[in-house]
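These notes concern the structure reproduced below.
Hydrogens, waters and symmetry mates play no part in the numbers below; they use all other heavy atoms, side chains included. Computed from a predicted structure; not experimentally measured.
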Amino acid sequence: MQKKKNYKQKKTSKMDSAAVEIDGSVMEGGGQILRVSAALSCITGSSIKITKIRAGRSTPGLRPQHLSGLQLVSDLCSGSLQGASIGSTDISLTPGKIQSGNHTADTQTAGSVCLLLQVALPCALYADSSSQLCLKGGTNAEMAPQIDYTVKVFKPIVEKFGVHFGCDIRMRGYYPKGGGEVMVTVNPVKELQPIIMTERGNITKIHGRAYVAGVLPFKLAKDMSAAAVRTIRKEIKELYINIQPLQEKDKAYGNGNGIIIIAESSTGCLFAGSALGKKGVYADKVGIEAAEMLLRNIRHNGCVDEFLQDQLIIFMALAKGTSRIRTGAVTLHTQTAIHIAEQLTQAKFSITKCEDELSSNITYIIECQGSGATNPNL
């Protein structure tokens, strides 16, 4: 494949290069379209105009978390951002040069710091030196990865692309107060390596943490852990399952409880199941929900869980060479990320269905010929 684009960062952000128009309501139609397009705009130097943002959602347009994510990217790439306000359904971003150094984003709500990291991390990789991102909001929030997932599952896997970042959890924050804070240090790369993850191997280890914070009684943590272990035991009898019940002490703001369980395979694949406590929901139920999610994600014999799937697409699109990952059913989030990545880069994706003769498992191989984006600032 010849690459028509070269990824030299434009010295000046010229408005004359026509902005790529992106329909924010297609497919999954949520904040993920914003995150992938803003990050790729920043890296490729292409201006973007996103319309119909979150058009089908009960509260359409930008929420505080999306707004702080866009402001963070614009700040990272010295860009110019138009239309960015709460409830806005149309924005445009004209990127400039990616700046290393210190950047802060605060959702001022329990908006997820992990989603802020999703949009900022790819950009910071293409800076001229290391970046410090101070991200404030919820660390363990609904509808988003928990920070423990980001550190224990996402981080070791993206390291295979050559992505290196440190994450210091300064304070945990829960719904509805937020108040969490993480400090992320990102080292730049010259280019990303492709990854191949097609052999799952056997599950060798299952461990996790069940936590309570604030005024909630420690018994909740023990109940979540015990219920999760019982549920997993029914299906996986031969492994020791260690889910630590924990009382979050000084490093937590507000009240919250939840659980995350991680499985590791013999080939280095990682999977997770997690759940958050809510008022009026028995602790057992929270533990069982997380355990069932984990079991569902290891039954299909793919190499990534349903949450990591879509988070890897942007890195596959940027890498130099061909990446392949084996997954269970391909999620709408993943299809959406592929759609945006193909619009904004020269990457080409294909999805192939694999039927296993030995079992009823259907897996898919997502293959990507990456665009080979190189860092002009290094």
Side-chain angles (χ1 to χ4, degrees), residues 1-9 35-36 39-45 76 98 100 117-131 133 145 149-167 184-201 264-271 302-305 307-327 330 334 337-338 340-342 344-352 363-378:
M1 281 174 69
Q2 69 274 54
K3 297 280 178 283
K4 295 177 196 64
K5 263 186 202 146
N6 69 347
Y7 288 100
K8 287 276 184 293
Q9 211 74 36
R35 290 188 290 278
V36 178
L40 288 173
S41 159
C42 176
I43 294 162
T44 61
L76 270 161
I98 299 178
S100 54
L117 183 62
Q118 268 184 29
V119 68
L121 175 64
C123 307
L125 295 172
Y126 292 87
D128 56 357
S129 68
S130 79
S131 306
L133 311 173
Y149 182 93
T150 300
V151 172
K152 299 260 170 52
V153 177
F154 172 77
K155 184 175 185 284
I157 303 298
V158 290
E159 283 174 356
K160 297 174 191 281
F161 289 100
V163 173
H164 292 286
F165 70 95
C167 182
V184 179
T185 305
V186 185
N187 297 319
V189 294
K190 187 65 198 164
E191 60 191 18
L192 295 175
Q193 314 312 311
I195 67 165
I196 307 276
M197 290 179 75
T198 52
E199 298 302 320
R200 210 279 301 265
E264 301 183 17
S265 85
S266 52
T267 58
C269 302
L270 296 166
F271 308 88
C303 295
V304 298
D305 64 30
F307 311 102
L308 195 59
Q309 219 187 79
D310 67 279
Q311 295 180 55
L312 297 182
I313 298 300
I314 189 168
F315 300 100
M316 293 168 75
L318 292 166
K320 185 180 185 177
T322 304
S323 293
R324 260 181 232 102
I325 58 173
R326 182 185 298 275
T327 69
V330 177
T334 297
I338 289 173
I340 302 291
E342 289 189 326
L344 287 168
T345 70
Q346 303 284 302
K348 288 281 169 282
F349 285 84
S350 65
I351 299 175
T352 317
T363 58
Y364 296 82
I365 300 278
I366 303 177
E367 182 172 293
C368 173
Q369 286 167 334
S371 60
T374 55
N375 185 342
N377 302 311
L378 261 195

Main chain of [Y], side chain of [X]: is a donor-acceptor contact present, judged purely on distance under 3.5 Å?
{"X": "S323", "Y": "I196", "answer": "no"}
{"X": "T334", "Y": "D310", "answer": "yes"}
{"X": "Y364", "Y": "G302", "answer": "no"}
{"X": "N375", "Y": "E191", "answer": "no"}
{"X": "S265", "Y": "R200", "answer": "yes"}
{"X": "Q311", "Y": "F154", "answer": "no"}

Can you give me the closest heavy-atom contact between [X] and [Y], atom names plus distance?
{"X": "A124", "Y": "S131", "result": "CB-OG, 3.8 Å"}
{"X": "P188", "Y": "A127", "result": "CB-O, 3.3 Å"}
{"X": "V119", "Y": "A39", "result": "O-CB, 3.6 Å"}

Distance check, rounded to the nearest 0.5 Å: [X] atom [atom1] versus [Y] atom [atom2]?
{"X": "T352", "Y": "I365", "atom1": "OG1", "atom2": "CD1", "result": "7.0 Å"}
{"X": "L117", "Y": "C167", "atom1": "CG", "atom2": "SG", "result": "7.0 Å"}
{"X": "F315", "Y": "I325", "atom1": "CZ", "atom2": "CD1", "result": "12.0 Å"}
{"X": "T345", "Y": "I43", "atom1": "OG1", "atom2": "CD1", "result": "10.0 Å"}
{"X": "T327", "Y": "D305", "atom1": "OG1", "atom2": "CG", "result": "10.5 Å"}
{"X": "L308", "Y": "C303", "atom1": "CG", "atom2": "SG", "result": "11.0 Å"}

Q: Start with the C-alpha distance between S130 and N187, add both sets of side-chain angles, then the distance that settles side-chain hydrogen bond (donor to acceptor under 3.5 Å, both in side chains), and finish with yes or no.
A: CA-CA 5 Å; S130 79; N187 297 319; 4.6 Å; no
Q. Who are the side-chain contact (heavy atoms from CB on, under 4.5 Å) partners of T322, not counting sequence neighbours?
A. R324, E367, Q369
Q: Could I get the full list of side-chain contact (heavy atoms from CB on, under 4.5 Å) partners for K160, not counting sequence neighbours?
A: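 Result, side-chain contact (heavy atoms from CB on, under 4.5 Å) vs K160: I157, I195, M197.
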Q. Which is it for V189 and F161 under the side chain to side chain contact (heavy atoms under 4.5 Å, CB included) test, yes or no, and what are the steps along the way?
A. CA-CA 10 Å; V189 294; F161 289 100; over 6 Å; no
Q: Give the C-alpha distance, both sets of side-chain angles, the deciding distance and a yes or no for side chain to side chain contact (heavy atoms under 4.5 Å, CB included) between F165 and L133.
A: CA-CA 10 Å; F165 70 95; L133 311 173; over 6 Å; no
Q) Hey, are the side chains of I338 and I366 touching, using non-hydrogen atoms and a 4.5 Å cut-off? A)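 I338 reaches I366 side chain to side chain.
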Q.
Testing L318, T44, L378, L76 one by one against Y126 for a side-chain contact (heavy atoms from CB on, under 4.5 Å), which residue passes?
A. L318
Q | Steps toward side chain to side chain contact (heavy atoms under 4.5 Å, CB included) verdict (V163, L125) | A | CA-CA 7 Å; V163 173; L125 295 172; 3.8 Å; yes
Q. Excluding sequence neighbours, so at least two apart, what forms salt bridge (Lys or Arg N to Asp or Glu O under 4.0 Å) with E159?
A. K155
Q: Evaluate the criterion side chain to side chain contact (heavy atoms under 4.5 Å, CB included) for residue pair F271 and V153; output intermediate values, then yes/no.
A: CA-CA 7 Å; F271 308 88; V153 177; over 6 Å; no
